[in-house]
Amino acid sequence: MTKEIIINSSTSQTRVAITEDGNLVDFFVDYPENRRMVGDIYLGKVARVLPGIKAAFVDIGMKHDAFLHFSDIGARTQQFQDILGDDSDLDEDDDEETSNNKSNSHGRNGKDNVDSHGVPKLHKGEDIIIQITKEPVDNKGVRVTSSVSLPGRFCVLLPFDNKIGVSKKISDFKERKRLRHIAREILPKNFGLIIRTVAKFQTEEALKDDLNNLVKTWQGIETAVKTEKPPALIHQDLNTTSSVIRDLFTSDISKVFIDSKKLYKQIKSYVEVVQPQLADKIEPFKSTNSIFDSFKIEEQIKTLMGRKVQLPSGGYLIIERTEAMFVIDVNSGRYAKSKEQELNSLKTDLEASREICRQLRLRDIGGIIVVDFIDLEDDKNRKKIYDELRKEFRKDRAKVSILPMSDFGLVQITRQRIRQNIMQAMKEVCPYCLGTGLLTKHSHQVYDLEEWLRKFKRISKERSLIIKCHPAVASKLKESKFRTFFKLELKYFIKLKLVEDSSLSIDEIKFFSKKTQKELTEEINNAS
């Protein structure tokens, strides 16, 4: 398999694509107005403690307070009130043995940090150091942990935790033993360490250099804590592009192509320092054509923006988002004879399973996902779909849980949500339909207009009004002026003046008194 990283840099954004044999498997967008937040460390102030929902809200200077669940609050230390070394939500490289050891030690349920009822000893107005684990979604603030962790190229530093873990993806027993031994030798007192997958077969010197850089970073954070006043950002993690190179540029990557000279030099210099044997894989892209067009990535990105995704056999997926979850409908796209129905349905469902896993990764969809597969009569075939989903999701770096197919052909999936999905990151809510995808029909707008005038006539003695609406609505009303406006003026004995206002949404109509210029819309709507 040929695995490549293709980086496209422009004045407004940087886009990173990861492909396998030319097929897009991961996609990231890095741009100034939506900077990556995961990994950033803040000195915050506890705004509220709510034992009922087992959570606290922390002021870190954002629009919405950060959400801190009690399970993400670590043990106390002498130097800082709320710093621990748990790495529960940091990355895919954590080790089960490490997690268990930390939980049994002074991790998230440390006795020094809870009262007799098991509630963490947090108080309103208290200063706290936290790290962002999930970016804001819609009207929800960021999710944070006080388990501060610093990821490097080869290891993750865990302040004030003396435990050592090795990535589960390093399966070689001798190599795991060697890495643990190195970690014990180089690790300073009162720190913990997780050895990452890319550290496999690395020298002690390489690991030591990486660790020293992380310790220096932590010392800078300690200094900032003593000098800054909350709320304050005290450490900013790498941007999306740099973090992809740090975390995903491994020996199985064949090439990295970059179309920006400046970015090429930056990434090349970084890799030459941390892993020089991979530096030759980084190449500048020199062509007058777009790099994403040349690698046929642009056309694959377009499928991420649509609700319909084609399958090889002629079937297709429909991906819809609701307030609570994502819903995916699997369709066969063709008629099959009754004898072939089960076989064709199974074939389509298996194709859909592979494509769904790919689409969830590409679109970075998290939360609850419900998939409506084509009905299968045979229980063995239903299990094949479940097994196929489990196999495909092993490629996913996010944490995923899957339930077996129900009698109705539904499969429920939960996928770890860390950042906004790709649609939220690249698209804005339509100012006309406000995200519904629907607009009010003209006849209903006229009906609402008349109902408002009926109320107004009953309440007020004024006989002259100004009606403001979007130009598109005004145009339709003007077209039917003699059928609508003239009839309404005659019926209610009111003089109506139509004014175009492009600042209004297409579904919005506002009414003003011509005499006082006062808006009357809500006043009349709320009248009994």
Side-chain angles (χ1 to χ4, degrees), residues 35-91 94 99 102-103 105-151 156-161 192 218 221-222 224-225 228-237 366-367 398-399 414 416-420:
R35 184 185 61 79
R36 181 180 184 267
M37 297 182 195
V38 173
D40 289 354
I41 300 174
Y42 282 81
L43 178 61
K45 190 177 286 291
V46 178
R48 286 170 290 163
V49 180
L50 303 174
I53 62 170
K54 297 182 179 179
F57 288 89
V58 182
D59 177 14
I60 58 173
M62 293 185 180
K63 181 181 178 182
H64 299 287
D65 289 340
F67 178 83
L68 175 63
H69 195 268
F70 286 174
S71 63
D72 292 321
I73 298 174
R76 306 285 171 139
T77 68
Q78 292 297 317
Q79 291 174 287
F80 299 102
Q81 288 185 330
D82 289 274
I83 299 176
L84 64 79
D86 192 349
D87 187 48
S88 55
D89 285 324
L90 180 64
D91 72 16
D94 200 356
S99 299
K102 285 183 286 187
S103 182
S105 176
H106 60 276
R108 52 181 54 191
N109 292 317
K111 293 179 180 178
D112 295 337
N113 199 37
V114 297
D115 61 20
S116 57
H117 301 287
V119 177
K121 296 175 183 176
L122 272 184
H123 305 286
K124 182 179 178 181
E126 179 181 342
D127 292 354
I128 184 171
I129 297 173
I130 52 86
Q131 185 170 38
I132 295 177
T133 58
K134 292 182 183 178
E135 292 186 350
V137 178
D138 297 329
N139 292 320
K140 297 177 182 177
V142 296
R143 179 157 181 169
V144 297
T145 177
S146 65
S147 307
V148 178
S149 311
L150 294 176
V156 178
L157 183 68
L158 310 174
F160 302 101
D161 189 337
W218 178 247
I221 292 170
E222 288 181 313
V225 169
E228 294 285 348
K229 290 185 178 179
L233 173 64
I234 54 178
H235 171 72
Q236 189 169 308
D237 197 21
K399 296 174 185 176
T414 60
Q416 181 185 22
R417 177 164 44 206
I418 295 175
R419 60 185 69 85
Q420 291 181 326

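Note that the structure is predicted; figures quoted are calculated from it, not measured. Residues take their numbers from the sequence shown, with the count starting at 1.
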Using every non-hydrogen atom in the two residues, find where Arg143 and His69 come nearest and quote the distance to one decimal.
NH2-CB, 3.4 Å
Distance-only donor-acceptor hits, side chain of residues 49-62, under 3.5 Å, sequence neighbours excluded:
from	atom 1	to	atom 2	distance (Å)
Asp59	OD1	Gly61	N	2.9

Any idea which heavy atoms bring Ser146 and Ile73 closest together, and the distance?
OG-CA, 3.3 Å
Ile132 CD1 to Phe67 CZ distance, which is reported to the nearest 0.5 Å:
14.5 Å
Check for a donor-acceptor pair, side chain of Glu126 on one end and backbone N or O of His123 on the other, with a separation under 3.5 Å.
yes
Are the side chains of Ile129 and Val148 in touch, meaning some heavy atoms are under 4.5 Å apart?
yes
Got His235 and Leu150 here, is their nearest side-chain heavy-atom distance under 4.5 Å?
yes
Would you check, one step at a time, whether the test side-chain contact (heavy atoms from CB on, under 4.5 Å) holds for Val225 with Ile234?
CA-CA 7 Å; Val225 169; Ile234 54 178; 3.6 Å; yes
Could you give all pairs that pass the side chain to side chain donor-acceptor pair (under 3.5 Å) test and reach residues 41-50, with sequence neighbours left out?
Lys45-Asp127
Quick one: does Glu135's side chain have a donor or acceptor within less than 3.5 Å of a partner on Met37's backbone?
yes
Quick one, Gln131 and Ser147 - any side-chain contact, counting heavy atoms below 4.5 Å?
no
Nearest 0.5 Å, what's the CH2-CD1 distance between Trp218 and Ile41?
6.0 Å
Quick one: are Glu222 and Pro159 in side-chain contact, heavy atoms under 4.5 Å?
no
Side-chain heavy atoms of Lys140 within contact of Lys134, under 4.5 Å
no
What's the shortest heavy-atom distance between Lys229 and Leu43, and which atoms?
C-CD2, 4.4 Å
Here's a test for you: under side chain to side chain contact (heavy atoms under 4.5 Å, CB included), which of Thr133, Val142, Ile128 qualifies with Leu68?
Ile128
Please give me the minimum heavy-atom distance between Gly367 and Arg417, naming the atom from each residue.
N-CB, 4.1 Å
